[in-house]
Number of protein chains: 2
Amino acid sequence: MNKISTREKIIKTADQLFYENGFDHTSFADVAAKVGISRGNFYHHFKSKDDILKAVIERRRKNTLDMIDEWEQNVGTPKGRIKCYINIFIKNQSLIKDFGCPVGTLTNEMAKLNHAQAKDAVAIFMLFKDWLVVQFERAGCNNNAAELSMHVLSWSQGAATLYNAFQDDEFLKNELVQINAWLDTQIKEG
Amino acid sequence: MNKISTREKIIKTADQLFYENGFDHTSFADVAAKVGISRGNFYHHFKSKDDILKAVIERRRKNTLDMIDEWEQNVGTPKGRIKCYINIFIKNQSLIKDFGCPVGTLTNEMAKLNHAQAKDAVAIFMLFKDWLVVQFERAGCNNNAAELSMHVLSWSQGAATLYNAFQDDEFLKNELVQINAWLDTQIKEG
DNA sequence: GTCTATAACTGGATAGAC
DNA sequence: GTCTATCCAGTTATAGAC
């Protein structure tokens with residue numbers, strides 16, 4: 001019986017609430033109510049709110065690494081793997097429509113709060129970036145792999161922000177078509 | 001003597017603090033302290049925090065319209081005016097580095113807070129979008145003016161988000177060069 | 001010993017009366 | 001402009017249940 005521990009439940013719930021309502025705006029009471037435990041009980045599992053944030057970021061980091069790993073194992077070409085990244089925005093479409101990109105919105109909130117863990121949040125972005133660079137290099141784009149990677153990140157981030165603002169399904173669909181088309185001009189084979 | 005009224009001072013200060021620290025995280029006391037008035041005095045000018053937000057969004061709306069108006073009057077070609085929009089990101093570079101784009105970050109915060117004024121915040125985005133469509137149409141891009149406009153917004157938004165996260169001056173500089181170069185391929189004259 | 005619930009403390013928030 | 005009421009956040013202390 002692989003029962004999910006209370007600690008894991010707290011992290012998972014906090015992850016969701018931080019994403020949907022913002023870190024600052026999410027209270028212990030909110031998380032506790034959703035998990036179904038008392039507020040005071042929290043401190044048996046976490047020393048402070050920042051401690052939960054740390055665990056949430058670590059969880060997201062791990063999930064990102066697992067996802068990247070899965071692409072590496074199951075998708076044969078660098079271009080195909082980059083398209084997997086782009087497809088996240090389709091897979092998570094309804095969440096992005098309501099709350100934006102979890103990575104970009106957290107890094108910005110950390111920046112505005114001048115939070116000590118801002119850099120840890122940015123590290124998730126960095127995971128994607130470094131991985132994308134490797135893909136572009138494998139695809140033969142050795143001169144400008146970094147620029148191309150940042151462009152993919154930048155474009156998809158902007159699409160997420162505008163989709164969240166305008167709520168226009170056609171727009172997102174079209175943007176992703178455009179990104180894929182652009183990718184085809186950058187990488188011929190695959 | 002065109003003395004700035006207390007009300008105007010409150011709005012201006014709230015505008016800045018909402019941008020730099022986030023709307024939710026900014027308290028009455030923060031604004032009051034920065035303006036130099038007592039908290040009680042606040043209620044003479046604003047009934048509630050949402051009331052200030054309303055005034056702040058209206059201020060931003062007006063500032064945006066004024067800026068667009070100025071471009072219309074002083075810049076001769078549609079392409080030149082679109083480049084004025086792109087140049088905002090250079091002009092406000094250091095602020096964007098620290099806090100992101102004021103429009104995109106506010107709309108996202110409103111979305112996460114499920115705030116009643118979310119649509120008013122999005123309206124600022126809409127001002128830029130509608131105006132960009134007119135510019136692209138004037139430049140002869142009648143078939144895809146809407147798509148091109150959204151692409152400019154999307155790309156610049158993404159660049160702002162990543163610049164805020166990575167703090168990489170070279171990246172922002174390069175992205176803006178790329179956007180301008182792309183614009184030159186879309187609009188020949190001007 | 002591990003987990004949980006209850007209660008209480010402290011500070012800061014909105015709100016409003018005077 | 002001061003002063004107070006009320007509420008809710010994060011946190012801590014304590015004591016009980018498994």
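Throughout, a chain's letter reflects where its sequence line sits, starting with A, and its residues are numbered from 1.
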- Minimum side-chain heavy-atom gap A:Y19-A:L95 below 4.5 Å: yes
- Is there side-chain contact between B:D98 and B:N164, with at least one heavy-atom pair below 4.5 Å? no
- Task: Please check if any side-chain donor atom of B:E72 sits under 3.5 Å from a side-chain acceptor atom of B:W131, or the reverse.
- Result: yes
- Message: Taking any heavy-atom pair under 4.0 Å as a contact, classify A:I37: base, sugar-phosphate, or nothing.
- Response: sugar-phosphate
- Task: Measure from NZ or CZ of B:K49 to the centre of the six-membered ring of B:F23, then state whether that distance is under 6.0 Å and the direction lies within 45° of the axis.
- Result: yes
- Could you note down all residue pairs passing salt bridge (Lys or Arg N to Asp or Glu O under 4.0 Å) where residues 159-169 of chain B supplies at least one of them, sequence neighbours left out? B:K97-B:D169
Between protein and nucleotides 12-15 of chain C, what N or O pairs are separated by less than 3.5 Å?
| residue | atom | partner | partner atom | Å |
| --- | --- | --- | --- | --- |
| C:dA13 | OP1 | B:S27 | OG | 3.3 |
| C:dT14 | OP1 | B:F28 | N | 3.1 |
| C:dT14 | OP2 | B:F28 | N | 3.0 |
| C:dA15 | N7 | B:Y43 | OH | 3.4 |

- Centroid-to-centroid, B:Y163 to B:F171, below 6.0 Å? no
- Would A:I187 end up clustered with A:V177 when hydrophobic side chains under 4.5 Å apart are linked, directly or stepwise? no
- Task: Check whether any side-chain heavy atom of B:H25 lies under 4.5 Å from a side-chain heavy atom of B:L17, and answer yes or no.
- Result: no
- Task: Respond yes when some side-chain nitrogen or oxygen of A:H44 is under 4.0 Å from OP1 or OP2 of C:dA5, and no when none is.
- Result: no
- 5' to 3' on DNA chain D, which nucleotides open and close the contacts with chain A (atom under 4.0 Å from a heavy atom)? D:dA9 to D:dT12
